[in-house]
K.L.:
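Supplied in structure tokens, the structure appears directly below.
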Amino acid sequence: MHEQNPAGIGRREVLAGTAGVLAGLTLVGLTPAAAVPAEVTKFAPRAGRNVRVLITGDAGTGTRTQWAVADAAREFHAREPFSLAVGLGDNIYESGPTGPDDIQFATKFEDPNAGLDFPWAMVLGNHDTSAIFPGDGGWLARGNHEVEYHARSARWWMPSRYYSVRVPEQNPVVEFFILDINPLAAYIPPLLDPYWAVHGPYMNEQRAWLDRALAESPAKWKIACTHHPYLSNGPHGDAGNYEGLPIEPLNGVHAKRFFEDHVLGKVSFLLSGHDHTLQVLEPTPESKGTRQLVSGAAAKTTGGHGALTGSSAGPVHPALFDTQDELGFMVMDLSPDAVNLRVVTVDLASGASTEVFDRRLG
């Protein structure tokens with residue numbers, strides 16, 4: 001099933017129709033077959049040349065743990081307001097929504113995030129596209145429900161399955177490239193529909209769009225956002241070796257090639273979730289200077305340390321910070337001159353939050 005535009009609206013009309021509510025946030029590169037216009041007034045980012053971003057992932061459980069992390073984010077926002085958030089996938093556990101009016105959007109996104117009234121740039125995860133078992137990524141078209149929800153929510157930004165966000169609109173400090181690599185990393189590969197194939201129309205269009213968008217971006221900082229990471233010290237492991245599986249394509253070998261051919265060395269940071277951890281990894285020769293951040297602990301933790309293919313005694317990749325068993329989120333402050341990252345952990349029993357990492361990274 002191909003992604004369809006139910007309103008028959010093309011890219012130019014979408015951009016024109018939303019221009020009045022963006023207020024400093026521009027969505028660019030929308031594909032005509034995917035772009036969905038907003039029917040509600042969207043929250044706008046804070047104006048100014050300093051951009052503060054809430055980085056969170058794997059949140060959509062509706063459970064006490066998600067609420068505890070959201071409470072901590074609300075407390076942080078009251079002291080130091082966020083400009084926007086990036087949600088790194090698995091937005092609706094365990095298997096994704098059944099339609100754009102699914103009550104899970106309220107119980108697992110709107111209600112827990114009440115008061116966090118700024119744009120949330122959302123990424124599709126494998127649990128958002130489940131078919132037979134939770135997280136199998138086998139029903140890729142299911143993600144279209146989350147695109148459709150863009151028209152209904154003031155917070156939720158997902159006008160297409162992949163898109164970019166510039167902040168501010170003129171002379172942007174940062175551009176976020178929200179990517180969908182689920183077709184390359186699904187546990188049930190899309191064998192029956194050539195549209196979603198590794199080199200099918202959907203991924204080829206996304207590759208061409210990304211190459212062009214990165215080359216044309218005027219932003220000081222370019223940041224890619226995916227659900228699946230390129231590198232991770234968590235249980236899912238690295239692209240090309242996901243779950244320690246020797247079998248292609250289940251090991252994410254096509255995701256690895258996508259990262260290496262189209263992302264690494266072209267962005268300063270790669271933000272990912274998938275592993276329920278908080279990791280600030282060091283750049284490697286393989287990552288071509290791009291720093292991998294993993295922030296997937298907004299509702300769950302792994303409870304252990306080390307990738308499946310590595311030693312449980314310590315991390316596989318050098319890290320400035322790495323915790324596998326604490327809830328929390330990241331905060332990125334960007335200016336034209338610098339990027340500073342903080343990691344905030346949350347204690348479920350007391351609700352207390354602690355800034356455990358604070359460093360300039362760029």
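The figures here come from the full heavy-atom set of this structure, side chains too, leaving out hydrogens, waters and symmetry mates.
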K.L.:
For the side chain of S83 and the backbone of V53, is there at least one donor-acceptor N/O pair under 3.5 Å apart?
P.N.:
no
K.L.:
Could you report the tightest heavy-atom contact between L54 and A73, atom names first, then the distance?
P.N.:
CD2-CB, 4.3 Å
K.L.:
Just by distance, no angles: are the side chains of R161 and N144 close enough, under 3.5 Å, to form a donor-acceptor pair?
P.N.:
yes
K.L.:
Nearest 0.5 Å please: distance from the CH2 atom of W221 over to the OG atom of S335.
P.N.:
7.5 Å
K.L.:
Is any side-chain heavy atom of R74 closer than 4.5 Å to one of D71?
P.N.:
yes
K.L.:
Nearest heavy-atom pair of S295 and F329: which atoms, and what distance?
P.N.:
OG-CA, 4.1 Å
K.L.:
Do the charged groups of E175 and K222 touch, with an N to O distance under 4.0 Å?
P.N.:
no
K.L.:
Mind checking whether H254 and P183 have side chains closer than 4.5 Å, heavy atoms only?
P.N.:
no
K.L.:
Roughly how far apart are D325 CG and L278 CG, rounded to 0.5 Å?
P.N.:
10.0 Å
K.L.:
Which pair of non-hydrogen atoms, one from G60 and one from K108, has the smallest distance, and what is that distance?
P.N.:
O-CD, 3.3 Å
K.L.:
Give me the atom names and distance for the closest heavy-atom approach of L116 to W120.
P.N.:
O-NE1, 3.2 Å
K.L.:
D117: what forms a side-chain contact (heavy atoms from CB on, under 4.5 Å) with it, not counting sequence neighbours?
P.N.:
F43, R155
K.L.:
Can you tell if the side chain of W156 reaches within under 4.5 Å of the side chain of N91, non-hydrogen atoms only?
P.N.:
yes
K.L.:
Hey, do the aromatic rings of F76 and F82 have their centres closer than 6.0 Å?
P.N.:
yes
K.L.:
Does a donor on one side chain sit under 3.5 Å from an acceptor on the other, for T226 and S272?
P.N.:
yes
K.L.:
Quick check: do L250 and P189 have side-chain heavy atoms less than 4.5 Å from each other?
P.N.:
yes
K.L.:
Applying side chain to side chain donor-acceptor pair (under 3.5 Å), can you list everything that pairs with D102, at least two apart in sequence or on another chain?
P.N.:
T98, Q104
K.L.:
Anything under 30° is parallel, anything over 60° is perpendicular, the rest tilted; go ahead and classify H274 against Y242.
P.N.:
perpendicular
K.L.:
Answer yes or no: is there a donor N or O on one side and an acceptor on the other, between the side chain of D128 and the main chain of G125, under 3.5 Å?
P.N.:
yes
K.L.:
May I ask you to decide if G234's main-chain N or O and T277's side chain share a donor-acceptor pair within less than 3.5 Å?
P.N.:
no
K.L.:
Test: salt bridge (Lys or Arg N to Asp or Glu O under 4.0 Å). Region: residues 351-362. Which pairs qualify, not counting sequence neighbours?
P.N.:
R342-E355
K.L.:
Is the shortest side-chain heavy-atom distance between E282 and R291 below 4.5 Å?
P.N.:
yes
K.L.:
Please check if any side-chain donor atom of S153 sits under 3.5 Å from a side-chain acceptor atom of E110, or the reverse.
P.N.:
yes
K.L.:
Are the side chains of W157 and K42 in contact, using a 4.5 Å heavy-atom criterion?
P.N.:
yes
K.L.:
Would a 4.5 Å heavy-atom cut-off, applied to side chains only, mark I178 and M122 as touching?
P.N.:
no
K.L.:
Just say parallel, tilted or perpendicular for the rings of Y162 and W209, cut-offs at 30° and 60°.
P.N.:
tilted
K.L.:
Distance check, rounded to the nearest 0.5 Å: N233 atom CG versus T302 atom OG1?
P.N.:
10.5 Å
K.L.:
In terms of the angle between their ring planes, are Y195 and Y202 parallel, tilted or perpendicular, with boundaries placed at 30° and 60°?
P.N.:
tilted
K.L.:
State plainly whether one hydrophobic cluster holds both L361 and V331, where clusters connect Ile, Leu, Val, Met, Phe, Trp and Tyr through side-chain heavy atoms under 4.5 angstrom apart.
P.N.:
yes
K.L.:
Does a donor on one side chain sit under 3.5 Å from an acceptor on the other, for N126 and H227?
P.N.:
yes
K.L.:
Is the backbone N or O of I132 less than 3.5 Å from a side-chain atom of W139, with the two atoms forming a donor-acceptor pair by type?
P.N.:
no
K.L.:
Rounded at 0.5 Å granularity, tell me how far CG in L348 sits from CG in L327.
P.N.:
6.0 Å
K.L.:
Has the side chain of R166 got a donor or acceptor atom that lies under 3.5 Å from a matching backbone atom of S217?
P.N.:
no
K.L.:
Determine yes or no for a side-chain-to-main-chain donor-acceptor pair under 3.5 angstrom, with T65 supplying the side chain and A299 the backbone.
P.N.:
yes
K.L.:
Assess, by modelled atom type and distance only, whether the side chains of D238 and H317 contain a donor and an acceptor separated by less than 3.5 Å.
P.N.:
yes
K.L.:
If you take all heavy atoms of T63 and T61, which pair is closest and at what distance?
P.N.:
OG1-OG1, 2.6 Å
K.L.:
Could you check whether any side-chain N or O of Q292 sits under 3.5 Å from a backbone N or O of L270, counting only pairs where one atom can act as donor and the other as acceptor?
P.N.:
yes
K.L.:
Should the ring pair H262 and F258 be called parallel, tilted or perpendicular, given that the plane angle runs from 0 to 90° and is split at 30 and 60?
P.N.:
tilted
K.L.:
Does the K256 side chain pair with the main chain of N241, one donor and one acceptor, at a distance under 3.5 Å?
P.N.:
no
K.L.:
Counting N and O atoms only, with roles assigned by atom type, does the side chain of K288 sit under 3.5 Å from a partner on the main chain of V263, one being a donor and the other an acceptor?
P.N.:
no
K.L.:
For the atom pair CG (D347) and CD (E326), what is the distance rounded to the nearest 0.5 Å?
P.N.:
9.0 Å
K.L.:
Decide whether a cation-pi geometry holds between K300 and Y93; the criteria are a distance under 6.0 Å from NZ or CZ to the six-membered ring centre and an angle within 45° of the ring axis.
P.N.:
yes
K.L.:
Could you state the interatomic distance from OG (S164) to CD1 (I223), rounded to the nearest 0.5 Å?
P.N.:
12.5 Å
K.L.:
Please name the pair of heavy atoms, one in D211 and one in K266, separated by the smallest distance, quoted to 0.1 Å.
P.N.:
OD1-NZ, 3.8 Å
K.L.:
For a 4.5 angstrom cut-off between non-hydrogen side-chain atoms, does N171 reach R49?
P.N.:
yes
K.L.:
Are the side chain of H150 and the backbone of M158 linked by a donor-acceptor contact shorter than 3.5 Å?
P.N.:
yes
